[in-house]
Amino acid sequence: MAGERFEATYLIETPLDPAKVAEVMAGEQSSGTFTRVAGETDELRQRTRATVTSVAMLETVDQPSLPNAWLARKGVAGPWRRARVAISFPVDNVGANLATLASIVAGNLYDLGEVTGLRLDTISLPWSFRRRFAMPSQGIAGTRRLTGVTNGPMVGSIIKPNVGLSSEETAALVARLCEAGLDFIKDDEISADPVHAPLAQRIPAVMNVVRRHQDKTGKAVMIAFNITDETDAMRRHADLVAREGGTCVMASLNWCGFSAVETLRRSTDLALHGHRNGFGAFSRHPMLGISFPAYQVLWRLAGVDHMHVHGLQGKFAQEDEEVVSSAQDCVTPLTDGADDRVLPAFSSGQWAGTAQATWDAIGHADLLFMAGGGILAHPGGPAAGVASIRQAWAAVASGTKLEQAATAHPELRQALDFFGKVAG
């Protein structure tokens, strides 16, 4: 693999020459530092040095996005120039090491004295490098097979109240949601192994009602048990899910970390539902952090099967176009020659009325469409909530306006009348 390289792109802000700052970035994240050191031979630099492949100048601003004590000590003031920078790194500097890959493309770059803003935008990998990392065990096709949903969106919901239900109460709610016609049910991200509903009790209780529902109807509802924890506990709970006949587990990616998720992936072929809670801390400032295109590359290398993208017209801060581009990233192979697509999971403020915007923007139904309140708070009950979502998706897929479809579907009519006022 000698000579192979991967590339990362960045948005930077600096009062200095952006081209010179890009060279600092390349040196800092490969074989260089602020001054040449003993042993840093020309041969070593040629073999290991990251190289700047492009610098595209953008706008200039009058105020820095972030404070910078290093620049202040040197008395360097604006104007502050912004630029898009691409840097190429040798694959051999990394090996098949996801944590190190992340520290190379990000890491100390955020603390460089030369910048008042830096954001990692994209990561591009050659197939020979990508294949050294985990692939999704189930992905889109496997999730469809496990849920029995051959076409259209998979419709899901979330255990509500988020936390506080006992194991028996959770199982009773799951039974009700299974009867309502769902394909997928997940724990909330804040409920993993609480004292009032420990996973050792909750998993068997929930899977008992799931099996009964399957025996009765033939439908195997996918339950994403939140097993977020330290690594050994995650593996232990995943094993319990598998023994009970479950098909999915969920992890809060940012707080488990790459190593724990990679270990979990190697130890189970259950569908791994990747929850990105906390991603806003990495992404909400436009001149700091990690953009979703780069973020999802790293987590897909860990082998997740589903990735949260939030929802259109939802309750969170992201613009709709960011949600759309995130969903498109998930269903785009990372490299030519690999079907490593993952299922985009839409959530946050979703209900029947957001199906139209989602369909218009995405143009396909290879997705998981989750609604908490949009199902559980439907005035006709959960079954009517699920029906309203399925009716909405059938309508938009056929080119029928929701208002027109609602004339033939009372559940959809109720949803439009009730949630339309709440969401509006």
Side-chain angles (χ1 to χ4, degrees), residues 1-12 21-34 36-37 39-55 84-112 115 118-136 231 253-254 256-267 272 274 276 282 289-304 307 329 332-338 340 342:
M1 294 184 67
E4 286 192 303
R5 306 180 77 87
F6 64 93
E7 187 174 82
T9 65
Y10 304 87
L11 173 63
I12 67 169
V21 172
E23 291 293 343
V24 171
M25 293 167 61
E28 182 75 23
Q29 299 307 99
S30 58
S31 57
T33 184
F34 70 93
R36 193 151 180 161
V37 299
E40 191 180 342
T41 64
D42 290 340
E43 183 278 330
L44 183 145
R45 287 169 68 95
Q46 184 176 9
R47 176 166 42 87
T48 63
R49 174 84 175 189
T51 58
V52 178
T53 55
S54 69
V55 178
R84 293 204 178 275
V85 170
I87 299 177
S88 170
F89 300 88
V91 163
D92 286 352
N93 287 6
V94 186
N97 186 326
L98 182 53
T100 299
L101 174 61
S103 68
I104 285 175
V105 296
N108 272 347
L109 287 175
Y110 295 112
D111 297 308
L112 286 181
V115 299
L118 185 143
R119 185 177 179 90
L120 171 62
D121 274 340
T122 67
I123 303 169
S124 301
L125 311 172
W127 161 238
S128 56
F129 188 35
R130 191 271 171 268
R131 69 182 178 183
R132 301 180 67 182
F133 296 91
M135 302 287 280
T231 307
L253 301 176
N254 298 318
C256 293
F258 294 122
S259 298
V261 174
E262 286 184 290
T263 299
L264 178 62
R265 175 74 294 161
R266 286 195 298 269
S267 67
L272 179 48
R276 73 181 202 182
F282 304 114
I290 304 177
S291 298
F292 189 80
Y295 176 86
Q296 58 91 29
V297 167
L298 295 172
W299 285 111
R300 285 168 67 179
L301 295 181
V304 300
M307 282 287 290
D329 288 334
T332 302
L334 293 184
T335 64
D336 292 335
D340 58 358
V342 295

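Quick caveat: nothing in here was measured; it's all calculated off a predicted structure.
Tested against Cys256 for a side chain to side chain contact (heavy atoms under 4.5 Å, CB included), the candidates Thr231, Val261, Leu264 yield a single pass: Val261.
Nearest heavy atom pair, residue Ser88 against residue Arg5, reads OG-NE, 2.6 Å. Of all heavy-atom pairs between Ser30 and Asn93, the closest is CB-ND2, 4.1 Å. Residue Gly95 comes nearest to Phe133 through the heavy atom pair O-CZ, 3.9 Å, listed as atom of the first residue, atom of the second, then distance. What you find for Arg300 and Thr332 is that their closest heavy atoms are NH2-O, 2.8 Å. Here the shortest heavy-atom pairing between Ala50 and Phe89 reads CB-CD2, 3.6 Å. Heavy-atom minimum distance, Leu98 versus Leu298: CD2-O, 3.5 Å.
In this structure, Leu301 and Leu125 have side chains that are in contact, with non-hydrogen atoms separated by less than 4.5 Å. Using a 4.5 Å cut-off on side-chain heavy atoms (C-beta onward), Pro126 and Thr335 make no contact. Within the 4.5 Å cutoff, the side chain of Leu253 has heavy atoms near those of the Met307 side chain. Looking at Tyr110 and Ile290, their side chains come closer than 4.5 Å, going by heavy atoms from C-beta outward. Using a 4.5 Å heavy-atom threshold, the side chains of Asp336 and Trp127 count as separate. Side-chain contact between Val94 and Phe129: present, with at least one pair of heavy atoms (C-beta onward) separated by less than 4.5 Å. Between Val342 and Gln296, every side-chain heavy-atom pair lies at or beyond the 4.5 Å cut-off. Looking at Tyr295 and Asn254, their side chains come closer than 4.5 Å, going by heavy atoms from C-beta outward.
A distance of 8.5 Å separates CD1 of Ile87 from OG1 of Thr51, quoted to the nearest 0.5 Å. One distance of note links CZ of Arg119 with CZ of Arg84; it measures 9.5 Å at 0.5 Å rounding. One finds the CZ atom of Arg130 at 14.5 Å from the CZ atom of Phe6 (value rounded to the nearest 0.5 Å). Note: Asn97 CG to Arg132 CZ = 10.0 Å, rounded to the nearest 0.5 Å. Rounding to the nearest 0.5 Å gives a distance of 10.5 Å between CD1 of Ile123 and OG of Ser291. For the atom pair CG (Asp121) and CD1 (Ile12), the distance works out to 11.5 Å, reported to the nearest 0.5 Å.
Between the side chain of Gln29 and the main chain of Ser103, a donor-acceptor pair closer than 3.5 Å is present.
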Problem set entry | Trace of the side-chain contact (heavy atoms from CB on, under 4.5 Å) decision for Trp299 with Arg276 | CA-CA 10 Å; Trp299 285 111; Arg276 73 181 202 182; over 6 Å; no
